[in-house]
Amino acid sequence: MGLPSNFRYEFIGKVLITPDQIEKRVTELGKEITEDYQNSDRLMLIGLLRGSVMFVTDLMRRIHRPLTMDFMSVSSYAGSETSGFVRIDHDHKASIAGWDVILVDDIVDSGHTIYTVRKLLLDRSPRSLKICALLDKPVRHKRSIQIDYCGFSIPDEFVVGYGLDIDEKGRNLPYIAAVDLEKYKLEPK
Ligand code: IMP
Ligand code: MG
């Protein structure tokens, strides 16, 4: 996708995943989920705000099964890499009891977020619960996490675009790119 040349964030480094690659992979994931849930009439996607918003809305259009969707918003406290404390800012609205739930997030880094939210949702008696993440940084995991549907494994880089941000910037980029952290430090905040 061509972007106007005057639209750029100075801190963007290498593009790791192009819009075409994202589109292709999201279509594959949608197909896989469609097949896996052929016998389910109670499929619910729960997206974690705000990073998963582009992913979940693209993904749901490629799942050819009846489904409902909901959102949760969570935040990790600074220093969460060690403490792993995750706060629920906004809970999902609909009951998930008896539903086949897929929890959708943008990226698994330490794994604390998915670990914590998964545990919370399991206490609410879904019929099944699977994890779908667009990106995974396996070398960063601090928790053992099973990702049932994973878009891409990426190296240990801080990335933005397609919903992911750095200090709320970069979410609207149509690709996923590494942040040049040296340049980012020089950006006016
Ligand atoms: P975890 O709890 O450490 O797995 O972190 C998950 C959350 O941290 C993700 O849902 C993102 O919001 C954020 N995060 C982790 N790595 C990145 C990144 O490279 N870019 C943007 N956000 C990230
Ligand atoms: Mg997130």
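Quick caveat, the model's predicted, so the values are computed rather than measured. Atoms within a ligand are numbered from 1 in the order they appear, just like the ligands themselves.
- Within the 4.0 Å heavy-atom shell around ligand 1 one finds Asp165.
- Under 4.0 Å from ligand 1, the heavy atoms of Lys137 that appear belong solely to its side chain.
- Residue Leu164 touches ligand 1 through its side chain alone, judged by heavy-atom distances below 4.0 Å.
- Between Asp105 and Ser52, the side chains place no donor N or O within less than 3.5 Å of an acceptor N or O (distance only, hydrogens not considered).
- For Asp105, every heavy-atom contact with ligand 1 shorter than 4.0 Å involves the side chain, none the backbone.
- The shortest N/O to N/O separation between Val159 and ligand 1 falls below 3.5 Å.
- The environment of Arg25 atom CZ is dense: over 12 non-hydrogen atoms of other residues, nucleotides or ligands sit within 6.0 angstrom.
- Shown in contact with Thr113 at under 4.0 Å from a heavy atom are these atoms of ligand 1, numbered in order with element: 1 (P), 2 (O), 5 (O), 6 (C).
- None of Ile176, Ile17, Ile107 except one satisfies the side chain to side chain contact (heavy atoms under 4.5 Å, CB included) rule with Phe152; the exception is Ile17.
- Comparing Ala133, Gly111, Gly51, Gly163 against atom 4 (O) of ligand 1, the shortest heavy-atom distance belongs to Gly111.
- Per-residue contacts place Glu157 under 4.0 angstrom from the following atoms of ligand 1 (heavy atoms of the residue considered): 19 (O).
- Judged by distance alone, the side chains of Gln38 and Asp36 never bring a donor and an acceptor atom under 3.5 Å apart.
- At a threshold of 4.5 Å between non-hydrogen side-chain atoms, the residues Phe71 and Leu48 do not count as touching.
- Remark: side-chain polar atoms of Lys137 are paired, donor with acceptor, to backbone N or O of Glu157 under 3.5 angstrom.
- Annotation: Ser76 places no N or O atom under 3.5 Å from an N or O atom of ligand 1; distance criterion only.
- Considering Ile107, Thr116, Val86, Ile176 only, the shortest heavy-atom separation from atom 9 (C) of ligand 1 involves Ile107.
- The shortest non-hydrogen separation linking Ala94 to Met44 is CB-CE, 4.2 Å.
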